[in-house]
Student: 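Before anything else, here's the structure in question.
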Amino acid sequence: GEDCLWYVDRNGSWHPGFDCDFFTFCCGTCHQRYCCRDPLRLLTERQQRHCLAFSPKTIAGIASAVVLFIAIVTTIVCCFMCSCCYLYQRRQHLRTPLQGAEIPLSSYPPAAPPAPFPMDPKAGPVPPQPGFTPMAVYPPAGPAAQYPLYPSGPPVYNPTAPPPYVAVQPSYPGA
């Protein structure tokens with residue numbers, strides 16, 4: 001016997017699969033199946049599976065899922081690229097450098113941290129601590145390296161500021 005797999009008829013109703021008796025075959029079409037003895041009307045399992053895989057509803061469902069996926073991915077990518085979007089603004093805010101200890105940009109040694117208590121300028125220099133060997137501090141041989149100043153970020157938008165350029169109207173002779 002040949003098995004008839006589950007199928008959906010033209011009205012969209014689902015029908016469970018069933019077994020045919022000995023010496024009978026699954027016959028019919030994609031939307032109507034029954035058991036018969038005529039081998040010319042045989043509907044093989046491969047043909048039945050083909051009906052399930054490529055029904056118009058199945059193709060429409062797969063196509064709509066693909067379109068929805070592409071739309072979601074495109075929206076997310078555009079939102080990360082568009083400066084008016086919340087996700088873009090949040091990503092830019094997180095990219096700002098962290099506020100922390102400053103790194104000296106010169107060859108001079110860093111200044112000593114302030115003392116934990118106020119110093120009296122009339123008292124004179126502080127004697128060295130035991131076990132500490134004072135070292136002479138020499139100024140560097142050349143001038144300190146100068147680094148160009150770079151802006152910290154993009155310019156701030158000011159809607160009341162004049163435009164950075166003035167549009168020139170073309171003049172036509174004789175007009």
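Heads up: numbering here begins at 1 and tracks the sequence. Computed from heavy atoms alone, side chains included, the values below leave out hydrogens, waters and symmetry copies.
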Student: Return the minimal non-hydrogen interatomic distance between R33 and L5, and the atom names on each side.
Tutor: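 For R33 versus L5, the nearest heavy atoms are NH1-O, 2.9 Å.
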
Student: Could you tell me the separation between the CZ atom of R49 and the SG atom of C30, rounded to the nearest 0.5 Å?
Tutor: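 Rounded to the nearest 0.5 Å, the CZ-SG separation comes out at 13.5 Å.
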
Student: For the atom pair CZ (F18) and SG (C26), what is the distance rounded to the nearest 0.5 Å?
Tutor: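 Here the interatomic distance stands at 5.5 Å.
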
Student: Not counting sequence neighbours, which residues clear side chain to side chain contact (heavy atoms under 4.5 Å, CB included) with S64? List them please.
Tutor: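 Counting only residues at least two positions away or on another chain, S64 forms no side chain to side chain contact (heavy atoms under 4.5 Å, CB included).
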
Student: With sequence neighbours excluded, tell me which residues meet side chain to side chain contact (heavy atoms under 4.5 Å, CB included) with C27.
Tutor: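 Scan of C27 (side chain to side chain contact (heavy atoms under 4.5 Å, CB included), adjacent residues dropped) gives F25, Y34, C36, R41.
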
Student: Keeping the roles fixed (side chain from Q48, backbone from L43), state whether a donor-acceptor pair exists under 3.5 Å.
Tutor: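 Yes.
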
Student: What pairs with T29 under side chain to side chain contact (heavy atoms under 4.5 Å, CB included), at least two apart in sequence or on another chain?
Tutor: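 With sequence neighbours excluded, T29 shows a side chain to side chain contact (heavy atoms under 4.5 Å, CB included) to H31, Q32, given in chain and number order.
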
Student: Give a yes or no on whether L40 and F23 share a hydrophobic cluster (residues Ile, Leu, Val, Met, Phe, Trp, Tyr; joining criterion: side-chain heavy atoms under 4.5 Å apart).
Tutor: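 L40 and F23: separate clusters.
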
Student: May I ask you to decide if D9's main-chain N or O and S13's side chain share a donor-acceptor pair within less than 3.5 Å?
Tutor: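 Answer holds: no.
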
Student: So, does D21 use its side chain to make a donor-acceptor pair with the main chain of T24 at under 3.5 Å?
Tutor: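 No.
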
Student: Please state whether the rings of H15 and Y7 are parallel, tilted or perpendicular, taking 30° and 60° as the class boundaries.
Tutor: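 Taking Y7 first and then H15, their aromatic rings lie parallel (interplane angle under 30°).
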
Student: Is there a disulfide between C4 and C20 in this structure (defined here as SG atoms under 2.5 Å apart)?
Tutor: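 With an SG-SG separation of 2.5 Å or more, C4 and C20 do not form a disulfide.
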
